[in-house]
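To start, the structure under review is shown below, and the notes come after it.
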Amino acid sequence: MSHLLEVKNLDVKFDTDEGRITAVENISLSVDQGEVLGIVGESGSGKSVTAKSIMKLNPGNTSYNEDAEIILDNENVLQFTSKQDLKKIRGGKVSMIFQEPMASFAPAIKIGAQMVEQLLIHKNINKDEAKSISINMLKRVGIADAEKRFNQYAFELSGGMRQRAMIAMALSTMPKLLLADEPTTALDVTIQAQVINLIKDIIKEYQMGVIFITHDLGVIAQVADHVAVMYLGSVVEKGPVNEILKNPKHPYTKGLLQALPDINNLDAPLSPIPGNIPSPLDRPTGCVFRTRCPHHNPEGKDGKIEMKLIEVEPGHWVDQCGIQCGQNG
Amino acid sequence: MGDNLISVNNVSVNFDYQENFISKKQKIHAVNNINIKIKKGSFFGLVGESGSGKTTLGRAILGANKISSGNVIFHDDERDYDLTNMNKQDLKEYRKKAQLIFQDPYAALSPRMTVRDIIAEPLEVMKITNSRQETDERVRDIAAKCRLNIEHLRRFPHAFSGGQRQRISIARALVSNPKFIVADESVAALDVSIQADILNLLKHLQSELNLTYLFISHDLSVVAHVCDVVAVMYLGHIVEMGPSRELFKNPKHSYTKALLSSIPSIDPEKRSEAIELKGEIPSALNPPPGCVFRTRCPNPGIDCKGGEITMGLTEVEPGHWVDQCCVL
């Protein structure tokens, strides 16, 4: 069975003045049609870089490894170089929703004009058709007075409304894959609940694949089917959402869950993960989490255990050093 | 009044608003008729969506926003400060005793000053210390309490992570030895693992330095964890207030209920049980008359739909106050 998207052994490195930074190392992921893959992790864990690689949106100083593959719809995106090919994925087969909708809309162009523009690029239609598709899409995402909003600027809309408009714009070209990069982080909880329900409805309706990036495990529990937990550019644990949240194996996943204030259990102490995420410039050798790991696995501490995911339950993969740590205590 | 540190009495804050220079002047009712008492040594939480007036209220209590009506009294050991009626000298004294921790540790620290200078600045501006030696001593002292290393003091903020920067902001707020701290969304910009660390630090400092906090946040689970007393704000009004356990276990107001149900549950099997609120918070330029929440209320009564019931808190349990519209 072929997946909608398959990322194989992806490394992403940036050349900077201070040296070569490994942002992502040896990542393999897959997304099927109608499925939501959640990616969680702290800031700096490489979530966004991974998503941007799928559209080849990383900056010019980026290098990918040669044996990496990002197969989207049976084509290797990493081998696309011509503008024509890239256009097909950027906004065509793949759309992206960003965290801050205010920063993603051009401030001096009406929302409608921006929606029509991208439709004209990707679809073989005329302006009137594009306009009616856009207005229908705005209505679909629950914007009242869609005709009026179509002729307004981004600053005239409230935060929740802007995020809806952003979703409408991303969906209007009918992408096969939707990348949602922290789409609810800037919103209030009540609006967040509305947007999450909207995204879930739309996935069902259009049967698209989604990569949902967030640092909020609660949001992941609500939307995702599968989860990948990232730390410092590596996936340390991945599997079905139920497994990961109810039966976490890796000490980092456990740490994230324990640090989360749970409203249903107010007596539980908040336990932070000690230390800070290391700079990607001095990435630890071996297990990337070993500098903050609360367990003492002697070999892992010395960095002698290589990062490698092992299947512990069907579909549930955990980094091998993490499995040993979990067993030791 | 013995055990209260702050009394907020019937405080309203309005802002003038004029769309352009020929249009009529209007009033934005940012905060309306708020009454709260903050006990000494308490962790008082203020929750609500953006636009609910939490920050404006916090700033009004610090004397950073003009209070339109009502008064705020700060009960110090020897004397009371009335914020609406304060001369310059008193205001200077008050600033030493009440401090603010900001939301974004990236924006709050000057990139051109060393950490030592950032923390020392309040001491120098308020002329609290007399010699450089004394200043250094106090800076080192508070830095250690906030778990910063001495060698960190010579560096610039860009060298630090978000959590460390927030600790620098906290040290800076605490260096003048204040009694009252307003923490405005102080953990909102941090990762969960670091958020827990900063919350534990705030709790620890509270008992060590005898602090009283006003903790402003939009994150209910955080507030539930750290605060003793919580007030829920909506469109400039407090709609429910009470001891945090009681309030979160037994919410009475439909807005509090909706907020609580909107928190995404960590349990994947408990999906979409949220009471979905329709629409968004109305504009504070013309708030709905009567109960301000009735435009979004999932189960409005007959009377409140007409806006006939005015806003006002009723005590339903000892210390647990709910807006009367939702009690009826």
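Everything numeric in this text was worked out from a predicted model, so none of it was measured. We use all heavy atoms of the structure for the numbers below, so side chains are in, but hydrogens, waters and symmetry mates are not. Naming: A, B, ... by sequence-line order, numbering from 1 per chain.
Rounding to the nearest 0.5 Å places CD1 of B:Ile281 at 9.0 Å from CD1 of A:Ile191. The line from CD1 of B:Ile194 to CD1 of A:Ile277 is 8.0 Å long, rounded to the nearest 0.5 Å. Expressed to the nearest 0.5 Å, how far CD1 of B:Ile263 lies from CG of A:Asp216 amounts to 10.5 Å. With rounding to the nearest 0.5 Å, the separation of NE2 in B:His225 from CG in A:Asp267 is 8.5 Å. Taken to the nearest 0.5 Å, the NE2 atom of B:His218 stands 7.0 Å off from the CG atom of A:Asp188.
Counting heavy-atom pairs closer than 4.5 Å to chain B, the top-ranked of the candidates A:Asn242, A:Leu187, A:Val241 is A:Asn242. Interface check for chain B: of the options A:Asn265, A:Val219, A:Val223, the most heavy-atom pairs under 4.5 Å are formed by A:Val223. Between chain B and the residues A:Gln258, A:His215, A:Lys246, the most heavy-atom pairs under 4.5 angstrom are made by A:Lys246. In terms of heavy-atom pairs under 4.5 Å with chain A, the best-connected choice from B:Arg245, B:Gln195, B:Gln164, B:Lys249 is B:Arg245. Of the listed residues (A:Thr190, A:Ile273, A:Thr184, A:Val189), the one with the most heavy-atom contacts under 4.5 Å to chain B is A:Thr190.
The number of heavy-atom neighbours closer than 6.0 Å to CZ of B:Arg154, taken from other residues, nucleotides and ligands shown, is 12 or below. Within 6.0 Å of atom CZ in B:Phe156, more than 12 heavy atoms from other residues, nucleotides or ligands are found, so the atom counts as buried in its surroundings. Other residues, nucleotides and ligands place no more than 12 heavy atoms under 6.0 Å from the CG atom of A:Asp17. Atom NZ of B:Lys145 has more than 12 neighbouring heavy atoms from other residues, nucleotides or ligands inside a 6.0 Å radius.
Contact between A:Ile263 and B:Leu260 at its shortest, heavy atoms only, is CD1-CD2, 3.6 Å. When all heavy atoms are compared, the tightest approach of A:Pro261 to B:Val222 is CG-CG2, 3.8 Å. For A:Gln222 against B:Ser265, the heavy-atom pair with the smallest separation is NE2-O, 3.0 Å. Scanning both residues, B:Val192 and A:Leu260, for their nearest heavy atoms gives CG1-CD1, 3.5 Å. Taking both residues in full, the closest heavy atoms of A:Pro272 and B:Asn200 are given as CD-ND2, 3.5 Å, listed atom of the first, atom of the second, then distance.
With a 4.5 angstrom heavy-atom cutoff, A:Ala144 does not touch chain B via any of its atoms. If you measure heavy-atom distances from A:Leu257 to chain B, the contacts under 4.5 Å come from the side chain alone. Residue contact with chain A, scored on non-hydrogen atoms closer than 4.5 Å, involves the side chain of B:Leu199 exclusively. For a residue to count as touching a neighbouring chain, one of its non-hydrogen atoms must lie under 4.5 Å from one of that chain's; by this rule B:Ser161 touches chain A with the side chain only. Interface remark: A:Leu217 contributes backbone and side-chain atoms alike to the contact with chain B (heavy atom separation under 4.5 Å). In this structure, chain B has no heavy atom under 4.5 Å from any part of A:Ser279. Contact of B:Asp219 with chain A is not made at all, since no heavy-atom distance falls under 4.5 Å.
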